Amino acid sequence: MLLKMEGISKNYGDVQANRQIDYDLKPGEVHAIVGENGAGKTTLMRILYGMEQPSSGTIRIRGREAHFADPKDAIRHGIGMVHQHFMLFQNFTVAENIVIGQEPGKLRFDRKAAIARVEALSEQYGIRVDPRARIVDCPLGVQQRVEILKVLYQGAEIIILDEPTGVLTPLEVGELLEAIRTLTKQGKSFILISHKLNEVMSAADRITVLRDGEVTGVLETSRTSVEELSRLMVGRPLAAMDKQPASPKEKVLEVRELSVFGSGSKPAVDAVSLHVRAGEIVGIAGISGNGQSELLQAISGLTKPAQGTVSLLGTDVTGKSAREFRNAGLAHIPEDRYVWGANKAATVAETGTMGHQRKLSKLGFLQGRAVKARVSDWIKQYAIKAGSPDNETQNLSGGNLQKLIVAREIAQRTPFLIAAEPTRGVDIGAMETIHEQLLRKRDDGGAILLVSSELSEILKLSDRILVMYEGRIVGELQEGEATEEKLSLLMVGGKRNG
Amino acid sequence: MEQLFDLALFNSALRMLTPILLAALGGALCARVGLFNVGLEGLMLIGAFSAIVGNHYFGSTGAAIAFSIGCVSLFALLFAYLCIHLRANVIVVGIAMNLLAAGLTTFSLRTLFDVKGAYYNKDMVGLPKWDIPLIKEIPVVGDILSGHSPLVYLAIVLVAAMWFYFYRTIGGFRFLAAGDNPLAARSLGIQVRRYQYGAMLACGVLCALAGAQLSLGQVTMFTEGMTAGRGFIALVATMLGQSGPLGVAAASLLFGLMDAFSIRLQGLAMPSHFTQMVPYAVTIAAMFFFKNKEFVKDAQSSGTSSR
Amino acid sequence: ACGSKDNNNAQGSPSASPSNSGAPSESAPASPAKAYKIALVTPEPIGVNPFFQLMDEGLKKAGQEFGVEFKTIESSDPASIEQNLQSAAAGDFDLIITSTFQMEDALKKIAPQYPDKSFAIIDTVVDLPNVRSVAFREHEAAYLLGAAAALVSKSGTIGNVVAVDIPLMKKYTGGFEQGAKSVNPDIKVLVNYVGGFTDPAKAKELALLQNSQGADFVAGMSAVGDLGVFEAAAEKGFYTSGQDTDNTDGKQVILAQLKGTDAVVYETVKDFVEGSFSFDVRDYGLKEGGVGLTYVNKDGKSPLNEAISQEAIDKLKQINDDIVAGKIVVDDSLQ
Amino acid sequence: MDRWKKLAASLPGPAAAIALGLLAGSIAIAIAGGSILETYAEMWKGAFGSFYFLTSTLNRATPVILVGLGAAVAFRSGFFNLGAQGQMALGGLAAALTALYVPGPGWFVAIVSMLVGIAAGGLWSAFAGYMDARFRVNLLITTLLLNYIATLFASYMVAYPFKDKTGSAAMAQSQMLDNAIWLPKLFKGMPAHVGLLLALAAMVALYVYLTRTVSGYEARMMGGNPLFAVYGGVRRTPLMLGVMFASGGLAGLAGAGEVLGSQYRYIDNAFVAADFAWTGIMAALLANAHPIGTAIAAFFLVALQTGGMGVEMNTDVPLEIGDVIQAVLILFITVKFVRGFRRRRKEGDPNGAAV
Ligand SMILES: Nc1ncnc2c1ncn2[C@@H]1O[C@H](COP(=O)(O)OP(=O)(O)OP(=O)(O)O)[C@@H](O)[C@H]1O
Ligand SMILES: Nc1ncnc2c1ncn2[C@@H]1O[C@H](COP(=O)(O)OP(=O)(O)OP(=O)(O)O)[C@@H](O)[C@H]1O
Ligand SMILES: [Mg+2]
Ligand SMILES: [Mg+2]
């Protein structure tokens, strides 16, 4: 046995994040961990990586007990971790980010050698990156690759991937899974955490299921199914979703010839025109980094476009502030819940108030009770594990925060809703809830613009699908005609031919 | 006009900016690891005082500077311990440190030398003035660059050294990394705290040098409050120079030149109040060229989460 | 009825009230029946200001000599002046000496509340029945200094380095310039302000600058910054002068403009103890010897530097006499 | 009620810190050769020993509280205003000049003067905000630099055009205000004046503003995560200008209060020498910019100062050692104060750097 964790428990005050967890890993194996948001997956991995100390339990590497006081110890024992939230130095180059900790050179940092090594590494594992690019300028998919290369560079034997596919396109996911397969052949072992059960099924040899900090099952992949896994995770079977055909009405959002400057010389958004009608969900598919973020920011008032117009329900709101967009009828589930969607230090109630503050006010005073009552309602309705509304936002697990944000934005009751990556990093139970709510909103006559790098999500929810590539809309497909293959092709710049 | 620009202007500017530059380099080190050090003034004052004490007791400028470095380092360590280990607010500790320095130097002046206000001794020898062999011969440049105290040259060397450290060495690379994203640095096992301590300690050393340049280089005496706000100017230089060695040097130079320039403006009809504003006004004007990042970008890149 | 006056009576003429004293018949002249308590409240920390240092010394000297209890209370900042004065007045001090115009407001407020207490204020005038005021005519001494500088200068340019541009300093710079021009109407007088009281490094730079602009005599008027001016003078070999105390060194610092605040405090305490204290205004100029210039109307502690000829000193003495006689009127730039 | 429990749980910390601070102070006193107990007793007396001293402490706390509240409202909104010194100077100067030259009944002139003081400080501060919002010029640096410009300007005004030429005319100060304009004292013959009530009212108002109003909510969210606020429809520039105006306005009011209620004229350098501005900023930081906490911290810091005055007056411990004790106490107490108030952050943010 390469790795054996026995009886691991971890308490944060009253919260028992891990209870008596046993987990093991063989050489060359992929052993996945699945579980709901907040089930304790990340915590277990942080313990293994030396970032947290277990309250009790032991870790053995190749049979010998090991204590990791900090990540350095873990790295020395051949453990590498790709964090759920990237641990990258934004202002440094790709190469610098990869070699940090084991830089070439003695005292002097030999950057040339670093670049060479990164290029070699990239070659060896077939993971493409530009070593000279700065991280801030890299799309998330590339950042993910940098993280993996970093771990490989450190010579890890055990590689922890905490939700690695959250930001990847199907193509990239495929590449990643392929890379995992290659690497396992070379003797590396993987711990894979994911909410995407089909990926887990295709990549993993064994699967451990966690619920509320406890192991509820250790399964051989060959002898289990997605259904069994989800039952073990959520504790109940998932209902099948039924989607009625859409009945689109008047245009709610109308975008004409919109262009947005990018960081380089090319415009990030290049003369995009689109519209969304009441009662339909329009999906935008595309590999992340092809201008979706900039497009969304421009049609939610967060950046000013260089050219073109945006109108909401006939009102021209081009270049106006987010306030005016919201007044004109916008609600917005942002793509990054921590950057745009929440104030980590604020309470759950406060994070939940945003956008409602003016509606829930009298003479400029906030109706504190009404706010709390509303947030409490959402907590119940969406089954958000938030404790009380007075809890700090940062204590919510990512999935629960996401549910809070979705609840908040749907409750704005606006004619138009942007839903960007609405289920990123969210467990299947929560995903189900969020999808249901989006559909209900559509059925109530809402216009929804859905942006997702998750093709299955796009396909499942959209009534009409636009594909973005290099800042342009390169294709439009109706619900019936869209397939994963067609979309994938368009997403990488392929021509659409029937 | 000839009254405004003469050789002495540059010569004097170089001398005057040295303490500011040294302290600002220290400030930059701290700023790079997330410690906004408003205590530069106090550390510099302690440096100036202990340099004189050292000189008095050991009778050598070398020993004096060593003594000064030792003393200021102690305070810097205390500073670091409070902020890093005990997680006190950096700014509050900085302000308190300034207060402590003012009180302590005045009090010690009284107890050690039995004088109030100033300690001045004709027999005390200050830092030598170095004539730089080759440079000295060059007509204009020689007059400007030659004949300063060793610390002036050291300051210039330190700018280069810091640049080299930051951008060419592994240690400096990790140092910058620890400041750029402490969470990520810790996840790699980089001891962020160690770098923070190191920065604070180095800042102490630099402030000691800055103080020594003031009390042994520019003059040879200690007077109460003789830093006269230079620590705060250094802080501004740190920020204006965006905590990079070259930027800080440029900012200090700008400030030193403007200061020397403003003195010369005094001769002309303007009241001294307005001439004294010149360096500050020019600094603000300079900032129109070194803009902040747009707050959106800034907030985005400082957000630890990238998803 | 002033408490101090009663005391004065009781002690000024011990035999006049024999019934009053069961104490030893022969009391030593300098030890009164009751030890007086005298406070000196300064408007700012004594710190770098020779003016306050001198007052403190004057008080110490008088206190020891006359056997009174004394205490110096330094105010940390203007906002604490009133509290300090108030506490001193409310305490058991018999005489409270304060100083400078900075204390005027507070004294005007507090002195009337304590009509039985005696106050003295030095360096400005407060017209109240229980306050003695002592004023100085520094501009007269500055005039002498300016004249002396003009006599010493060979280049025809002199300078002065001044702490900050506040009205008070006009008394000095104005007198200085007037005096210099009286000797040499074409003389150029440079003035530079340090912008603070505690910055010898900058004062030094200013002195160096003035020297480079041709000044061969630079008067220091920048509190502790003067030490920087002196250093510049020593380095470049020009001449300079100091303020308040005699800081002549016989080499570069060849003159000192004096202001006898120590003597004034001493006198005040003496008067009080000896019963000759009165609540009036004392004005000290060259005539009264309260201000002056070394070698002219005061001695210098170092021998006269050869940069100043005896001839020049004689001329200056003449000017001094003319001022005393009222033949020369020095403008007080403040009025 | 959870909050109270939390507060109670955080109390032993500060208590231990104060004890440690006092211990460290004892060492300083012992070195200075004073009696420790006596020194602390005098310190206590100097701050609270009599009604006079208590009101004197309150009087001195008045501008510090106002400055602190000003700093707090800016910090809460994520804007770092280090310019209280200049804003206060301009506020004081403007109030003094208004009081001198505007005709009318005393109470009216007093109110107008205060409003003008607020406007002066507020506009100066908003100017820095404007430069940041419009031209992206770093607020931290501008506020710091504008201090110098404002104080020099105020010095000039009272050294030249508006110098008091009555009396000795030796000071850079404005004329004395007519006593009809003086703010009434709270207790006859005691230093504290009506400004204290204004400061307390400002504290309550700020508390209500931050916790109860829509705009206060938006300001706090802006402070926590500006992107979140902007996303949610908060307009950054107007908010920034408004908050900076309020922040500087409070500092301006502090200056005006000192002029109208305490010094009765604008005296050059008086505010700087008393260090009102930095003490106020320190109070705001100590209390994590909580309005009530800020006022308490301000009072506490000022009590250390007036206590130091008591020590200087009644013992042989020299003035400077008072500063040392003060600094030592602050250093130690800061630690626990901050730790007590601060809730633990995920992974520990970079060492509480406030910037
Ligand atoms: N430092 C902490 N302090 C308090 N509670 C914590 C801490 N870290 C984790 N928790 C709690 O422990 C539980 C497990 O969290 P963990 O991050 O391990 O979940 P997860 O399985 O990774 O969830 P997700 O799927 O959202 O990533 C959660 O309820 C979380 O709130
Ligand atoms: N100091 C803390 N107190 C309480 N909970 C905490 C604390 N620190 C972290 N947590 C919780 O521990 C968990 C671990 O954080 P992590 O960074 O893995 O995010 P996460 O919740 O898994 O988020 P995600 O899945 O999508 O985006 C989270 O649930 C987080 O809210
Ligand atoms: Mg997780
Ligand atoms: Mg998660």
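Everything numeric in this text was worked out from a predicted model, so none of it was measured. Just so it is clear: chains get the letters A, B, ... in the order the sequence lines come, proteins before strands, and each one is counted from 1.
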message: So for B:Tyr167, is it side chain, backbone, both, or neither that comes closer than 4.5 Å to the heavy atoms of chain A?
response: backbone
message: Which atoms of B:Ile190 are under 4.5 Å from chain A, going by heavy atoms: the side chain, the backbone, both sets, or neither?
response: side chain
Contact origin within [X] toward chain B - heavy atom pairs under 4.5 Å:
{"X": "A:Ile75", "answer": "side chain"}
{"X": "A:Leu88", "answer": "backbone"}
{"X": "A:Gln102", "answer": "backbone"}
{"X": "A:Phe89", "answer": "both"}
{"X": "A:Glu96", "answer": "both"}
{"X": "A:Lys150", "answer": "side chain"}

query: Do you see a donor-acceptor pair shorter than 3.5 Å between the side chains of A:Glu163 and A:Ser194?
result: no
field: A:Glu52 and A:Thr43 side chains, donor-acceptor separation under 3.5 Å
entry: no
- prompt: Are A:Tyr49 and A:Phe68 near enough that their ring centres are under 6.0 Å apart?
  reply: no
- request: Answer yes or no for A:Lys320 and A:Phe325: cation-pi contact, defined as NZ/CZ to six-membered ring centre under 6.0 Å and angle to ring axis within 45°.
  value: no
message: Can a donor-acceptor pair be found, under 3.5 Å and without considering hydrogens, that links the side chain of B:Arg174 to the backbone of A:Gly101?
response: yes
message: Run the salt bridge (Lys or Arg N to Asp or Glu O under 4.0 Å) test on B:Glu41 and B:Arg230 for me, step by step, so that the C-alpha distance in whole Å, both residues' side-chain angles and the decisive distance to 0.1 Å come before the verdict.
response: CA-CA 6 Å; B:Glu41 176 89 2; B:Arg230 286 179 177 80; over 6 Å; no
